[in-house]
Amino acid sequence: MSGNNKAFLELEFPVAAMDFVRAGRVASQIKRALEQAGMPAGVVRRAAIAAYEAEMNIVIHSHGGVMRARIAPSLVEIEAEDWGPGIPDIELAMQEGYSTAPREILEMGFGAGMGLPNMRKCADRLDIRSEVGKGTQVVVSIFNAEPLEARA
Amino acid sequence: MEVYFHSVTLDESKCKGCTNCIKKCPTEAIRVREGKARIIEQRCIDCGECIRTCPNHAKVAVTDSLEGLNRFRYRVALPAPSFYGQFKPEVSLGRILGALLELGFDTVYEVAWGAEAVSVAVQEFLARESGKRPLISSACPAVIRLMQVRFPTLLDHVIPVDSPMEAAAKMAKRAKVQELGLAEEEIGAFFITPCPAKVTAVKQPFGDNRTYVDGAISMSTVYGEVLKALPEAQDRYDLVQSTGLGIGWGYSGGENRAIYQGQKSRFSFLAVDGIHSVISLLEQMERGDDLKGIDYVEAQACIGGCIGGPLVPQNRFVSRVQLARIADTIGRPEEGIKREEFLGLWKEGLLDLKGEIRPRPVMSLDPDIRKAIAKLEQLEKTVEDLPGLDCGSCGSPNCRALAEDIVRGNALETDCVFKLRERVKELAEEMVELAQKLPPAMGK
Ligand code: SF4
Ligand code: SF4
């Protein structure tokens, strides 16, 4: 692989809407990939939490979507793109406890309105783009401060 | 590289290379190569799942023998609470302990008693230290090893209170030094173990802990000897110190019950048993879930708790009934006195789990992160090319693990029987094609 000049590795995973049985699997796969890529435990943990919240957002709020993990020595990006209603007021959605999840979902114990705020806590940078009626794209960036440190 | 001790090992002469074990291993630590199972040492957590799975009894636990007792002037038996559940109802607990003395032990110090001390220490820790929640019990060494390998970011949830086995050993040695005027080195403390994980915990303690246990003898071995000794054995009810609460630690839920007892519902507890269930719970915690405000997690690698250990002779459901019966019928000494005593030990630091439990990073594909990412890319490509049947014929537990082995340089793509068949087919087609080509001098 020495001839490979690409700046990062990108992995892509589809996420189905309302599939609560398999929800969390993509986050686990991303976590495992980051461990294999030799990311420090702290980075792996933050990325895993962010990926899980992003995955749950797609499952609960959209008509399905796709997640991508971009991995470079000094940066991990988790991107979640969905097709769905979009977020009319992003600032409001960023507030803890604000939820638009339907009652059935709240009753299942999901959708407590912590998704985006939790993602922000894990992120060094958070970008959200959303178009009402079309969908939402969230990118969580996490920097790896010790990219070249040799690890035993 | 660190050298690891493992209790779980392979008896090569019995292994048929059938691949039954590789799929059940929770850390994907087993590969079949050249017809024999191989354990990747850094990954194995000594949970004993493979001992249960192997139809040929080729996976064995190395434990200490009773001969080891001879090294010491004074010998203490430390029976795990689960041991009590192995006998018929008509055999009294006093006689079980009496029979242990017939095996060459000078006294018995119950691990159930250590468990009661630990229960008090955990109560106090929960009450005094806010901070990380949920806290995870340190009692099952297979769970702690699992966390070192697969859940390093959760290690700071492990409660810094020692296991009942260590607590009992420390308390026993201290008591005997005082009582008999012996030097600590003259006293040998031997744990009667339900599992290989405890053997490893004794040979290679985690954290910076030193162990006070001098050997771990398989419960199956001791059980056989005790059965033989029972007819001669005296009833030594005087050796019984513990109450039903400590004894209950032998099955799942019992640990929480003992800790809960002193706390009157101020904290909420969760009990999980079976290594695969423990994994799914830890995965949930790793995603940032605090498990709905749970304060303490009792986690045991074996289904049913220690009575389900790989070295336990009786059926776990039967022993659960037996153990519960003993726990329910045993007398209750003065609750208050005991509590004060244990509290004193905890304040003194005697019940502390010392030192940091360090991660065992085994997942990374390369120490150089750039190379690791490149290898991950190659791994992803390789997985896509494999059939995805996870059949295990290659000797790796699933297609992804084979891909991992390939990029690590430990396997070849043609180890996959389907890939091999494809290659053979291609080769055959090429041969046919070549055979049809005639030299110009012979053809048209
Ligand atoms: S289950 Fe594993 S250890 Fe047992 S015979 Fe089969 S390959 Fe060998
Ligand atoms: S003891 Fe457990 S971790 Fe070790 S090889 Fe067997 S199944 Fe795997």
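Chain identifiers are assigned alphabetically (A, B, ...) following the order of the sequence lines, protein sequences preceding nucleic acid strands; residue numbering begins at 1 within each chain.
- Glu380(B) CD to Leu9(A) CG: the interatomic distance, rounded to the nearest 0.5 Å, is 7.0 Å.
- Interatomic distance, CZ of Arg287(B) versus OG of Ser28(A), reported as 5.0 Å (0.5 Å rounding).
- When the options Arg32(A), Glu35(A), Met39(A) are evaluated for a side chain to side chain contact (heavy atoms under 4.5 Å, CB included) with Met363(B), the one that passes is Glu35(A).
- For the side chain to side chain contact (heavy atoms under 4.5 Å, CB included) criterion with Gln36(A), the lone passing option out of Asp366(B), Leu365(B), Val407(B) is Leu365(B).
- Contacts between Arg150(B) and chain A at a heavy-atom distance below 4.5 Å involve the backbone alone (N, CA, C, O).
- Between Ile373(B) and Ala37(A), the shortest heavy-atom distance links the atoms CG1-CB, 4.0 Å.
- Here the side chains of Ile71(A) and Leu376(B) are in contact, with some heavy-atom distance below 4.5 Å.
- Between the CD atom of Gln284(B) and the OH atom of Tyr52(A) there is a distance of 6.5 Å, given to the nearest 0.5 Å.
- More than 12 non-hydrogen atoms from other residues, nucleotides or ligands lie less than 6.0 angstrom from NZ of Lys203(B).
- Proximity to chain B (any heavy atom under 4.5 Å) is shown, for Ala50(A), by neither the backbone nor the side chain.
- Counting heavy-atom neighbours within 6.0 Å of Glu426(B) CD, excluding the residue itself, gives a total above 12.
- More than 12 heavy atoms of other residues, nucleotides or ligands sit less than 6.0 Å from atom CZ of Arg408(B).
- Counting only heavy atoms from C-beta outward, the side chains of Arg45(A) and Leu154(B) approach each other to under 4.5 Å.
- Counting non-hydrogen atoms of neighbouring residues, nucleotides and ligands closer than 6.0 angstrom, the NZ atom of Lys24(B) reaches no more than 12 such neighbours.
- The two atoms that bring Gly38(A) and Ser364(B) nearest to each other are CA-OG, 3.4 Å, heavy atoms only.
- Across all their heavy atoms, Thr153(B) and Ala41(A) have their closest contact at CG2-O, 3.3 Å.
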